[in-house]
Protein chains: 2
Amino acid sequence: MHLPLTLFDRIFLVAAGKAAPRMAATIEQILGPLLSGGIVVTKRGHLSAPFKTCHAIEAGHPVPDEAGLNAAELVRDLLRELNARDLLIVAVSGGASALLSAPCRSIPLAGKQRATSLLLRAGASITELNTIRKHLSFLKGGGLAALAYPATVVGFLLSDVIGDPLDVIGSGLTAPDPSTFADALAILEKYELTSQVPAPVRDHLTAGAAGIIPETPKPGSPVFANVHNVIVGSNEQALAAAARKANELNYRTLVLSSTLYGESREVARVHAQILRQITRTGQPVPRPACVLAGGETTVTVKGHGKGGRNQEFALAAAIDIAGFDRALVLSCGTDGTDGPTDAAGAIATGDTILRAAGLGLDPLCYLAANDSYTFFDRLGDLLKTGPTGTNVMDIHILLAG
Amino acid sequence: MHLPLTLFDRIFLVAAGKAAPRMAATIEQILGPLLSGGIVVTKRGHLSAPFKTCHAIEAGHPVPDEAGLNAAELVRDLLRELNARDLLIVAVSGGASALLSAPCRSIPLAGKQRATSLLLRAGASITELNTIRKHLSFLKGGGLAALAYPATVVGFLLSDVIGDPLDVIGSGLTAPDPSTFADALAILEKYELTSQVPAPVRDHLTAGAAGIIPETPKPGSPVFANVHNVIVGSNEQALAAAARKANELNYRTLVLSSTLYGESREVARVHAQILRQITRTGQPVPRPACVLAGGETTVTVKGHGKGGRNQEFALAAAIDIAGFDRALVLSCGTDGTDGPTDAAGAIATGDTILRAAGLGLDPLCYLAANDSYTFFDRLGDLLKTGPTGTNVMDIHILLAG
């Protein structure tokens, strides 16, 4: 894609997500005086340096709040001003969906929140949840691109979604939405929630299905004629960069997958057994070996401990690699946050369990309690990076030195 | 190990397990008239050709029965006859533990069965279960080797246990037992089963812990001075053989691990995502690619369908590789049996889900119902080999052509 900036009278920026400050600062730096204005919305505590041109807002995440609502209104006001000789850059990263909370006027924020939590508890998939969300929001599901029309839109997407689907990253602010109001209603019916969701939510979806409210813009819609989406960062790219570094450090390197998902401890055990194979047989790659993988696992919480999916991954791996010589498993969130903790993840080595025993810590008890943070905190083996300014899911690193 | 057969006056054979007929037939063939006698115990339906020298018995598996009890008594009678100039070959394969059910005289079979099922339901690990079993049996936990003393014993072990631990394969008929009667009692207490297990079981373990009944022979015991255990078959070896064949067929081959375990569908998903990475990026190995792994997964049964851990693995993988070009996942038990079915496993390809849709089969429903057999049976994609004569856990094959 090549777009000469001279085509445009003005350039604006909307940046939303955990990585918004860093993305916006870079864009400000590159464009300098060419940037006419913009709005940066990020998670509370993620702002540091002030912006030259953009207006910056901190809002609630993962639970949307009033600040996010106000940010969405400001974005709408900005989009309404755009014309065919404007360029809008949209920098999207993980968290954008919650941070730019834009419920349609008739739906109170609490109603949208209640619908979301009912669906989550009923076991709805993230795709199903997004279908509902897109049809309750005026920015999601391509709504932002539609409002920006007829301006040219360039979406820079930092993908925190497995497989990098454009319509799911940030709930598809700049992407066509293949799902419909009818799909959204069918999902409520599937989980028998039609009568349980707040009336404004049900009424809105029903009105949409009846054609009274316009659908989200679909693939092929003219509003996307001048929309260009680019994945500027992904788990795949993070793994490739890690692989280059590992090669520089003389490791023999293997990338397994950038799309792993599933129950964290189970995925961890597969990794630990691959590390075991390396230490025993030199397969699938001989020492000094570095095996890289990424994606986003989940934790079925059964205990009352403190932790995150990466710390739990490291704890499960630690148990399986106990006693291994020169073996290490690192699991961390690339955004620097793992679950509701101040750690990005944790590091397990062949002597983690022995050292834990020395402190009287039973790893199985901590795993059963989902208390991986406390376990690694006691050992001093948490990985704490602070906000990293990016967000491309998690990475898992296996080393056999 | 080199043992000149001329050292011995007589050679006897005890073969137990699902692979016992084939192992025994081969040993008979090699030794010919040098073999003085022996006993072969296998699963009902696994005997085919008659033996020249050995006495063959079919017994119950996985639930022990009277035939297994009688077989254990016959084995004891044989062992008592041995002297220092005899060689005893013990051919052990998966199932030996149940087939050679040898509860100590004071414990009725039903009592042992009840203790086992209580422990299983309480969530005891296989190691804990084995500690109890070894202390209720006169053959397990090295008991067979102790009874054979002072004869020389050669154990040929076909490993169906992750990591090939000598004291776990076949409950360690010919291996030292590091666990004690006190450990066994502690396990009952841990699961609060002390008062619930049948009185003969509790009394036997208590008497053992008090030193009234001799302990199982421990590492370093003189009864093992002339015992030689050899792993003659393992998942590792099966994967190595498969890798050689794949290389011959011009696949680029990678062995991930021979020690995988965990929830079958979760392990399958990791594999499917590795296959996805291969098809998208040529990592961790370029096409034509063959990735091999093995071990023994488990299924947490929630539905009422028919299937096995390998068929469930293939079903979960099929969902994740839907639409992939020239992609295949095979999962099967090396013994030819997967769960309570007549299939060894199943094969999933990139078009499995499309073909299933054509038959009106919803793969998610079949997965939720643990009904993988019905799903693949309808498609004609079950893998049926019949008993293979070996038993080295499961193998998983990923192909990207």
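Throughout, protein chains are lettered first and strands after them, A, B, ... in sequence-line order, and every chain is numbered starting at 1.
- Under the 4.0 Å criterion applied to side-chain N and carboxylate O atoms, B/R269 and A/E266 are not assigned as salt-bridge partners.
- B/S159 and B/D164 share a donor-acceptor pair across their side chains, judged by distance under 3.5 Å alone.
- For the set A/V270, A/T281, A/L275, A/V255, the count of heavy-atom pairs under 4.5 angstrom toward chain B peaks at A/V255.
- Here A/Q273 is the residue among A/Q273, A/E236, A/R276, A/E263 with the most heavy-atom pairs under 4.5 Å with chain B.
- Between the side chains of B/T127 and B/N130, not a single donor N or O lies within less than 3.5 Å of an accepting N or O.
- Shown are B/N310, B/T297, B/T334; of these, the side-chain hydrogen bond (donor to acceptor under 3.5 Å, both in side chains) with B/D394 is made only by B/N310.
- The candidate from B/G262, B/S258, B/G163 with the greatest count of non-hydrogen atom pairs under 4.5 Å with chain A is B/S258.
- Between chain B and the options A/T259, A/V267, A/I278, A/T253, the largest number of non-hydrogen pairs under 4.5 Å is found for A/T259.
- When heavy atoms are compared at a cutoff of 4.5 Å, B/R265 does not approach chain A at all.
- Using modelled atom types, one finds no donor on one side chain facing an acceptor on the other under 3.5 Å when comparing A/S372 with A/E312.
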